[in-house]
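Structure first, commentary second.
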Amino acid sequence: MNSLIHLTSSQNSVIIDTPEGRMPSIVYWGKKLGENTCLETLKKVLTPALFPGCMAEYEAPGFLPTFSMAIFSHSALSGHRNGQDWAPEFQLTRVKREQNCVLLTCCSKLPGLELTIKLELCPESSVLSLGYKLTNSGETDYQLDQLFMCLPLFPWCREVMSFTGRWCREFQPQRQKIAMGSLVYENLKGRTSHDHFPALIAGEEGFGEQNSQTAAFHLGWSGNHCLRVEKNQQGQQYLLAGELLMPGEIKLAPGESYHTPALYAVYSPEGLSGVSRNFHTFVREHLLSFPSGKERPVHLNTWEAVYFDHKLEDLKSLASHGAAVGAERFILDDGWFKGRNNDTSSLGDWTVDPGKYPGGLTPLISHVKSLGMEFGLWVEPEMVNPDSDLYRRHPDWILHIPGQTLIPGRYQYVLDLSRPGVFDYIFKSLDNLLTEYNIDYLKWDMNRELIQAGNALGKAGINAQTRSVYKLMDKLEKKYPHLEIESCSSGGARIDYGILKRCHRFWTSDCNDALERQTIQKYASLFIPPEIMGSHIGPAKSHTTRRTHSLAFRAQTALFGHMGIEADLRSLSQAETAELKRYLEFYKKHRSWMHRGTVVRGEHPDISTQITGIVNKDKSCAVFCIAQLKMPEQSVMDPVVFPGLSPLTGYSITFPFIQKGENNPGQEKPAWIKSVLEENSPDFILTGEQLMTHGIRLPTLDPESALIVKFDAAEES
Ligand code: DGJ
């Protein structure tokens, strides 16, 4: 029997070895192999020899390296049955293939555990999805300490990019060489976290944007997680990924199963831009579902405009100003519910503040709707302030360990949503609001980390809490299928593909400073497409960094996400209002293709010159932002090259936001740009090939400024 399974997608091949009575493994994952590839030969030539002093058999780590195998690096499974069954040996017992999906059932040799591995290769995006189910088929409880999924890291993987950060500084990349031993990235915050975005990219040494081999991995999970890169003395390299379980968190009674979150992986020979293209295609096809086909509306969010100071007339006026510049959805942020005048009280009491809103929210909502805008409302359903009616009634409803220190975060505790009474109360509170008011959108916030998160029995409750949040969102979605949800968590601390199945936008960061945003958005864009990457034009002086930026820089940065405004529009001058309007008009004119297009990131000799583009799917047009993050290294900027275009297409070049005669942005414009800006100027038409190879000269940009360049297909040459 041929034990080799060949899955193919538009770009990739995955070859899985499924030997009877042994454990399955991936022998090849990479560029698509020809139809006539002889799989048996491939397997033979890739099987290593034994080496002196080694154990009697060579074993690949496969999908489940364990303590029972001669791997001698971290085990994917750890658990026991009262001290027994700590090193179970598994063998493959069943293989089921349906098109591009393979189910591999493996049983422990001594009865007691069954593992099902589900692996699917998406034909269009080439994203490989992996998920495990472990069932206790024994007769006594099995204590599961951890179950990680495992994928190979082929020898060309020499270094790893991971993503760290903090509040207002999400998605900061860091690189580490893969050396003998382990690289361990653990998130213990109980939410996806600012510090450890659940993803890793492995690649050739110095892998870059366009032409390097890369393998990217993302764990779709919003709780604790662990990603490990292992390399052992035999040269075996593999990635382990899964939920990080707390002691005693998962005990499987006979017949019970544990499901891992899904692991999504991309192999790309086209570097980071290939990674994001494939992930975006997958997200668009399989994870995201907008309740209606409408384009992503321009947001106006009240937070940085009024904070907790809600006055009906001010808010109405803000909405009117928003509508006048082109905003399409008004989001009433924190501060609207009973007694909520700052962040110390009221979470859990989800009724409208009668002092601020004597007639409820209807007068505001009616005004917003009369302006043709949708209405969104901020909520933070998982939380309670000690200073709240809810907490006074039910102090025992929170995740805690009785007798230990109760540690608040942002003056709040976390409700134990795994308790049916708590879940029902929160569902009812949201349900009441959604029934009473015409609400199109919820901004769902989550502003603290989980610590000592014990449930009613004092046991660790992070897994159950994460699943309960998903359940709550799923239940709401069922009842309100047209409702959209934004996942926010002190900015971008809950961005992952697990929550994305239930939401429609991410609040990428609380930092609206365009300079910080350039980096945050660049690396977030590896995983999330622009249409869900919330990106706001904030006040000129950033509230979170106190830097000041031009409206142009702020707006040009926000253009590359799901655009919004988060500033007091009432204080803008006429000229600023007109300028803002121009950016919103541009966004609206082009969002239909930008939000379906291919995101590319360019490279420049000056690393503080950042190039981000979106190319229409059919490559007929593209828009690029060239942002200068620091003082340029040279007085004359090197030419800029633009990736992702169609080589044979001739493109005309325009600068939508350079005004004729103005010297902004940056210094003196090259002569050719001056003539492009002149009426009756000669048309400059360059092929995609030229733009991707020698590029064009642009004005040397001032630090903390940007320039937008647009390309439109003019002719086929
Ligand atoms: C944190 C969020 O990230 C902000 O956008 C804002 O909604 C505040 N919470 C409100 O408390």
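All ligand and atom numbering here is 1-based and tracks the order in the structure.
Within the listing of ligand 1, atoms 3 (O) sit less than 4.0 angstrom from a heavy atom of G491. Every atom of ligand 1 with a heavy atom of D333 under 4.0 Å away is listed here by number and element: 6 (C), 7 (O), 10 (C). Within ligand 1, counting atoms from 1 as listed, the ones closer than 4.0 Å to a heavy atom of W507 are 3 (O), 5 (O). Below 4.0 Å from some heavy atom of C488 lie the following atoms of ligand 1, by number and element: 2 (C), 3 (O).
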* What do the steps show when you test Y441 against E486 for side-chain hydrogen bond (donor to acceptor under 3.5 Å, both in side chains), and what is the final call? -> CA-CA 8 Å; Y441 183 86; E486 172 172 23; 2.9 Å; yes
* Please step through side-chain hydrogen bond (donor to acceptor under 3.5 Å, both in side chains) for the pair Q556 and Y583, ending with a clear verdict. => CA-CA 8 Å; Q556 291 173 358; Y583 284 104; 3.1 Å; yes
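Scanning the protein heavy atoms around atom 3 (O) of ligand 1, the nearest turns out to be D510 OD1, 2.4 Å. With hydrogens left out, the protein atom closest to atom 9 (N) of ligand 1 is D445 OD2, 2.7 Å, a heavy atom.
Between R340 and ligand 1, no N or O atom pair is found at a separation short of 3.5 Å. Taking only nitrogen or oxygen atoms, main chain and side chain alike, S489 does not reach within less than 3.5 Å of ligand 1. Taking only nitrogen or oxygen atoms, main chain and side chain alike, D334 reaches within less than 3.5 Å of ligand 1.
Taking the six-membered ring for Trp and thresholds of 30 and 60 degrees, F163 and Y523 have ring planes inclined between 30 and 60 degrees apart. Note: F279 and F527 have tilted aromatic rings, judged against thresholds of 30 and 60 degrees for the angle between ring planes.
Residue contact annotation: K443 has a non-hydrogen atom under 4.0 Å from ligand 1. For the pair E304 and ligand 1, no heavy-atom separation below 4.0 Å is found.
No salt bridge links D440 with R329; every basic N to acidic carboxylate O contact stays at or beyond 4.0 Å.
For the salt bridge (charged side-chain N to carboxylate O under 4.0 Å, His left out) criterion with D474, the lone passing option out of K501, R502, K479 is R502. Checking each of E585, E328, E295 against R591 for a salt bridge (charged side-chain N to carboxylate O under 4.0 Å, His left out) leaves exactly one that passes, namely E328.
Residue contacts with ligand 1 for N447 involve side-chain atoms from C-beta outward but no N, CA, C or O (heavy atoms, distance under 4.0 Å).
Geometrically, R296 engages F290 in a cation-pi contact, judged by NZ or CZ lying under 6.0 Å from the ring centre and within 45° of the ring axis.
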